[in-house]
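Protein chains get the first letters and strands the later ones, always in sequence-line order, with residue 1 at the start of each. The basis for the numbers below is simple: all heavy atoms, side chains too, and nothing from hydrogens, waters or symmetry mates.
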2 protein chains.
Amino acid sequence: MNRALCYYQVKCVEVTAARERVLAAAEQLFSAHGYAAVTLRDIAEALDIKQASLYYHAPGGKEALFVEVTLRGLERHRAGLEAALRTGGPDLSGQLKAAARWMLSQPPMDFNRMMRSDMPAISAEQAARIRAAADEALLTPLEAAFEAAVSRPHAVYLAGAFLAVVSAIHMLPEAFAPPPREEMADYLIDVLVRGLAS
Amino acid sequence: MNRALCYYQVKCVEVTAARERVLAAAEQLFSAHGYAAVTLRDIAEALDIKQASLYYHAPGGKEALFVEVTLRGLERHRAGLEAALRTGGPDLSGQLKAAARWMLSQPPMDFNRMMRSDMPAISAEQAARIRAAADEALLTPLEAAFEAAVSRPHAVYLAGAFLAVVSAIHMLPEAFAPPPREEMADYLIDVLVRGLAS
DNA sequence: GTCTATACACTGATAGAC
DNA sequence: GTCTATCAGTGTATAGAC
């Protein structure tokens with residue numbers, strides 16, 4: 001992407017490495033606080049550069065930067081989530097625990113906030129792209145896993161509930177999460193699979 | 001509150017009624033899109049007045065307005081949630097379904113976004129007040145209900161998971177929620193209580 | 001690649017007329 | 001109660017030096 005900036009291989013390495021720092025900082029801040037709450041100065045400050053310098057790496061401006069890192073993050077989520085579900089073992093419980101571990105290893109994504117606060121703030125076309133990517137990256141693979149494991153209608157509800165709970169665990173403030181978040185997730189997955197009374 | 005504005009009873013009625021409109025519009029917008037994403041002009045536009053006119057009803061400005069409607073909303077949630085849990089019947093399932101119905105009847109609150117995006121944008125003291133109110137209004141009553149019904153550790157995890165799922169259902173875009181949200185909530189509560197295999 | 005300087009729009013907030 | 005007018009501060013974005 002944006003290979004136009006890279007004329008020689010040796011140069012390209014440097015360019016993409018520097019650009020990576022920008023994208024990573026932007027992704028971290030956007031995913032943590034949302035599009036409206038994060039300013040370009042916040043991102044620049046995290047990189048210890050000035051706001052205007054961001055335009056060298058992200059000539060498209062704030063919205064394009066947000067869309068790029070969000071789509072990138074969703075694509076990474078899709079790949080990691082599908083891999084986790086595939087390698088999590090034959091039973092649903094193990095698959096879900098692997099999926100939760102994967103999600104907890106990534107920068108937290110607040111899908112509710114993305115849909116209700118971030119999407120209305122950007123152009124309709126870009127919002128539609130992100131919506132579709134989020135659907136394919138998160139809901140679809142989880143829905144398939146539930147569908148394959150339990151004979152129940154509305155597997156998509158279960159996928160959505162799973163996503164909501166894991167996201168909520170991920171976004172707990174540090175003060176509220178002294179036990180590892182993975183343990184919380186495992187605990188709640190056991191409840192989901194076996195029921196409260198077990 | 002702010003009774004200083006009311007000198008006569010007859011005047012007071014008008015004042016509080018007009019003020020109510022402002023608070024309701026502010027609460028709706030803030031709770032839907034978050035503190036940073038909503039401008040005073042957005043609120044004024046929803047009321048069909050000019051931005052400066054808001055300062056008659058909310059002399060404290062944007063942050064004070066946000067804190068007031070948020071605390072008000074949380075207090076309403078606390079009262080309604082406790083009532084629902086009390087009147088939901090003897091079994092946990094009925095209590096949770098009543099609680100979900102209550103929450104779905106209210107303007108949706110995105111607690112994750114509140115904690116991660118809205119709180120950092122306001123003063124630390126006000127943020128602490130809201131955090132404490134949210135804890136007491138939502139987590140505490142639900143935790144007590146789980147604790148009373150099932151002999152399990154970590155009832156607070158279950159309370160948090162319940163909140164996350166109901167909030168997520170509440171915030172689904174209309175396009176994704178043709179079946180009544182109450183049915184989704186009931187479905188997922190049944191899964192929670194009885195387990196996936198049932 | 002990063003900087004300074006700056007243009008321009010938007011936002012929160014105040015003052016004062018009606 | 002609501003308005004117009006206005007201001008300072010902030011945010012995005014561009015131009016150009018180094």
Side-chain angles (χ1 to χ4, degrees), chain A residues 2-8 10-26 29-30 33-69 117-118 120-123 126, chain B residues 2-8 10-26 29-30 33-69 117-118 120-123 126:
Chain A
N2 227 327
R3 286 273 183 246
L5 291 173
C6 305
Y7 298 107
Y8 304 106
V10 56
K11 189 95 210 246
C12 187
V13 177
E14 279 185 13
V15 168
T16 55
R19 193 156 194 275
E20 260 307 308
R21 281 188 68 231
V22 173
L23 296 180
L29 286 169
F30 280 138
H33 305 297
Y35 182 73
V38 173
T39 69
L40 292 181
R41 281 185 177 84
D42 292 332
I43 300 173
E45 199 170 342
L47 295 163
D48 209 50
I49 61 176
K50 298 295 179 185
Q51 171 254 150
S53 305
L54 284 176
Y55 282 82
Y56 175 82
H57 305 281
K62 184 185 183 184
E63 177 170 325
L65 180 58
F66 174 78
V67 172
E68 179 173 357
V69 298
S117 307
D118 297 346
I122 66 178
S123 78
Q126 300 299 319
Chain B
N2 228 329
R3 286 272 182 245
L5 292 173
C6 307
Y7 298 107
Y8 305 106
V10 55
K11 186 94 207 237
C12 189
V13 177
E14 280 186 10
V15 167
T16 55
R19 193 156 195 277
E20 259 307 310
R21 283 189 66 232
V22 173
L23 296 180
L29 286 169
F30 279 138
H33 305 298
Y35 182 73
V38 173
T39 69
L40 292 181
R41 282 180 175 82
D42 291 332
I43 300 173
E45 198 171 342
L47 295 163
D48 210 49
I49 61 177
K50 297 296 179 184
Q51 171 253 152
S53 305
L54 284 177
Y55 283 83
Y56 175 82
H57 305 283
K62 184 185 184 185
E63 178 170 325
L65 180 59
F66 174 78
V67 172
E68 178 174 358
V69 298
S117 307
D118 297 345
I122 66 178
S123 77
Q126 301 299 319

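A close approach under 4.0 Å does occur between a side-chain nitrogen or oxygen of B/S53 and OP1 or OP2 of D/dC3. Neither OP1 nor OP2 of C/dT2 sits under 4.0 Å from any side-chain N or O of A/K50. Neither OP1 nor OP2 of D/dT2 sits under 4.0 Å from any side-chain N or O of B/Y56.
Whole-Å rounding puts the B/L29 CG to C/dG12 P distance at 12 Å. Between the CD1 atom of B/I49 and the P atom of D/dC3 there is a distance of 6 Å, rounded to whole Å. Nucleotide C/dG12 holds its C1' atom 11 Å from the CG atom of B/L54, rounded to whole Å. A straight line from CZ of B/R41 to P of C/dG12 spans 7 Å, rounded to a whole angstrom. A straight line from CD of B/Q51 to P of D/dT6 spans 15 Å, rounded to a whole angstrom. As rounded to whole Å, 8 Å separates atom C1' of C/dT11 from atom NZ of B/K62. Rounded to whole Å, the distance from CD1 on B/I43 to P on D/dT2 is 15 Å. To the nearest angstrom, P of D/dG11 lies 13 Å from CZ of A/F30.
A/E68 has a carboxylate O that lies under 4.0 Å from a charged side-chain N of A/R19, or vice versa, which qualifies the two as a salt bridge.
Comparing C/dC3, C/dT14, C/dG1 by their closest approach to the side chain of B/Y55 singles out C/dT14. Checked against C/dG12, C/dT14, C/dA5, the side chain of A/A52 finds its nearest nucleotide in C/dA5. Checking D/dT12, C/dA13, C/dG1 against every side-chain atom of A/H57, the shortest atom distance belongs to C/dG1.
Counting heavy atoms from C-beta on, the side chains of A/L40 and A/Y55 come closer than 4.5 Å.
For B/K62 and B/F30, the positive end is not near the middle of the six-membered ring at less than 6.0 Å and at most 45° from its axis.
No side-chain donor-acceptor contact under 3.5 Å links B/D118 to the backbone of B/G34.
Atom CD of B/E63 is surrounded by more than 12 heavy atoms from other residues, nucleotides or ligands within 6.0 Å.
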